[in-house]
Amino acid sequence: MEASALGPARRGRRPTRVAGSLLSRAAILLFISAFLVRVPTSVGHLVRLPRAFRLTKDSVKIVGSTSFPVENRTAQITSTGSLVFQNFEESMSGIYTCFLEYKPTVEETVKRLQLKYAIYAYREPHYYYQFTARYHAAPCNSIYNISFEKKLLQILSKLLLDLSCEISLLKSECHHVKMQRAGLQNELFFTFSVSSLDTEKGPKPCTDHNCEPSKRLFKAKNLIERFFNQQVEILGRRAEQLPQIYYIEGTLQMVWINRCFPGYGMNVQQHPKCPECCVICSPGSYNPRDGIHCLQCNSSLVYGAKTCL
């Protein structure tokens with residue numbers, strides 16, 4: 001996943017409108033299939049700037065002096081004394097010292113000033129929707145459950161294709177559930193994640209605000225909810241016996257997940273100008289997995305530590 005330097009959210013192509021008839025056909029197709037089954041970066045860089053500040057290029061400028069050239073291809077000093085980073089990488093995070101020499105007036109002696117800047121790599125949070133749903137199922141060792149699982153994932157993926165969103169099956173479990181009046185019955189427990197795909201590299205990047213990942217994810221959420229609601233409606237109109245595998249009304253649950261990548265974390269105390277940014281973990285901390293905050297580790301001596309050694 002790529003991140004811009006405190007810039008706007010990624011753009012993609014405009015999502016096309018999905019008609020209600022498409023949803024209906026998808027729900028019907030899933031219902032029919034249930035009845036018939038029986039026969040895997042670049043980073044940005046964070047500086048303490050005003051909240052409204054935005055950069056349009058992958059660079060950070062620090063006002064400094066031309067008296068001390070930078071022996072590094074990834075950084076340059078301009079004629080005006082600005083230090084410019086190119087292709088900022090995680091390993092370039094750290095404390096930068098700027099030495100200034102100046103004379104307030106011609107008569108005065110040269111004055112020297114030393115400034116220090118803390119530069120941090122950052123990445124956009126990994127945010128996505130996670131939802132669960134339950135289905136009345138065939139016996140837990142039945143091949144029909146596996147076939148249905150594949151069909152459900154295929155239909156949901158096709159449903160979100162125009163939104164450049166990806167759906168993944170995180171967990172699938174079959175359990176024997178004891179019902180008050182119906183005795184034991186078999187149920188499938190599904191857990192899915194829905195995340196936005198990177199569309200910046202497309203041939204025609206979208207500039208509309210509706211192309212932002214959060215906007216597309218919200219539309220994906222609405223489509224998924226409508227899809228499961230229509231399955232309930234279809235079952236309600238049936239005069240025949242229920243199929244062996246069908247959605248259990250009211251079991252759909254959706255939650256918004258906001259996580260940082262390993263080696264990054266949020267810290268409102270240290271980075272108050274951008275509290276929602278996932279900033280690289282400083283020495284003395286680490287993040288081993290998709291958590292929200294960097295954990296303390298006194299033996300960690302590098303930026304972006306993923307383990308505490």
Side-chain angles (χ1 to χ4, degrees), residues 1-10 40-55 57-62 74-75 85-97 116-131 165-166 168 170-171 191-198 200 212-218 254-309:
M1 179 183 292
E2 296 185 353
S4 59
L6 291 182
R10 291 189 295 275
T41 299
S42 65
V43 298
H45 24 276
L46 179 68
V47 293
R48 296 182 179 229
L49 295 171
R51 183 66 173 172
F53 189 87
R54 291 292 182 269
L55 291 173
K57 294 183 179 180
D58 193 20
S59 64
V60 168
K61 293 184 178 181
I62 303 175
T74 61
F85 291 101
Q86 302 289 345
N87 302 319
F88 196 87
E89 298 178 353
E90 292 179 346
S91 59
M92 295 170 63
S93 302
I95 306 298
Y96 286 76
T97 303
K116 290 189 176 182
Y117 296 86
I119 309 298
Y120 301 91
Y122 86 99
R123 299 183 72 171
E124 291 184 0
H126 180 209
Y127 45 82
Y128 57 95
Y129 275 108
Q130 182 173 301
F131 70 92
C165 288
E166 181 181 44
S168 302
L170 302 180
K171 185 186 298 184
T191 301
F192 296 91
S193 67
V194 183
S195 56
S196 62
L197 295 172
D198 184 4
E200 281 187 339
E212 296 177 2
S214 59
K215 300 284 186 180
R216 291 186 281 116
L217 283 173
F218 182 73
M254 302 194 71
V255 294
W256 175 262
I257 305 295
N258 193 9
R259 295 290 185 268
C260 292
F261 289 90
Y264 290 78
M266 299 180 186
N267 191 326
V268 64
Q269 285 77 29
Q270 189 172 2
H271 307 290
K273 297 293 184 180
C274 193
E276 78 283 359
C277 292
C278 289
V279 185
I280 196 166
C281 295
S282 301
S285 64
Y286 77 111
N287 183 8
R289 52 187 178 275
D290 290 350
I292 300 178
H293 307 292
C294 296
L295 307 176
Q296 185 175 357
C297 175
N298 295 332
S299 61
S300 173
L301 303 178
V302 299
Y303 284 88
K306 302 176 178 63
T307 58
C308 184
L309 301 176

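In this structure, the separation between SG on C278 and OH on Y127 is 10.5 Å, given to the nearest 0.5 Å. Here the OH-CZ distance, from Y120 to F88, works out to 11.0 Å after rounding to the nearest 0.5 Å. Interatomic distance, OG of S93 versus CD1 of I119, reported as 8.5 Å (0.5 Å rounding). Note: R216 CZ to S214 OG = 9.0 Å, rounded to the nearest 0.5 Å. With rounding to the nearest 0.5 Å, the separation of CE in M266 from CG in N287 is 10.5 Å.
T191 pairs by the side-chain contact (heavy atoms from CB on, under 4.5 Å) definition with Q130, T132, L170, K171, not counting sequence neighbours. Residues satisfying the side-chain contact (heavy atoms from CB on, under 4.5 Å) test with S91, not counting sequence neighbours, are E89. Scanning for disulfide bond (SG atoms under 2.5 Å apart) contacts around C281 gives C294, with sequence neighbours left out.
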**Request:** Start with the C-alpha distance between N267 and V279, add both sets of side-chain angles, then the distance that settles side-chain contact (heavy atoms from CB on, under 4.5 Å), and finish with yes or no.
**Result:** CA-CA 8 Å; N267 191 326; V279 185; over 6 Å; no
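Contact between P275 and V268 at its shortest, heavy atoms only, is CB-CG2, 3.6 Å.
At a threshold of 4.5 Å between non-hydrogen side-chain atoms, the residues F192 and Y129 do not count as touching. Between S282 and Q270, some side-chain heavy-atom pair lies under the 4.5 Å cut-off.
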Side-chain polar contacts of residues 254-262 - donor-acceptor pairs under 3.5 angstrom, sequence neighbours left out - could you list them?
none

Side-chain donor-acceptor pairs under 3.5 Å in residues 298-309, sequence neighbours left out?
from: N298; atom 1: OD1; to: Q296; atom 2: NE2; distance (Å): 3.2
from: S299; atom 1: OG; to: L309; atom 2: O; distance (Å): 2.2
from: S300; atom 1: OG; to: S285; atom 2: O; distance (Å): 3.2

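With hydrogens and angles left out, the side-chain atoms of Y264 and E124 include no donor and acceptor closer than 3.5 Å.
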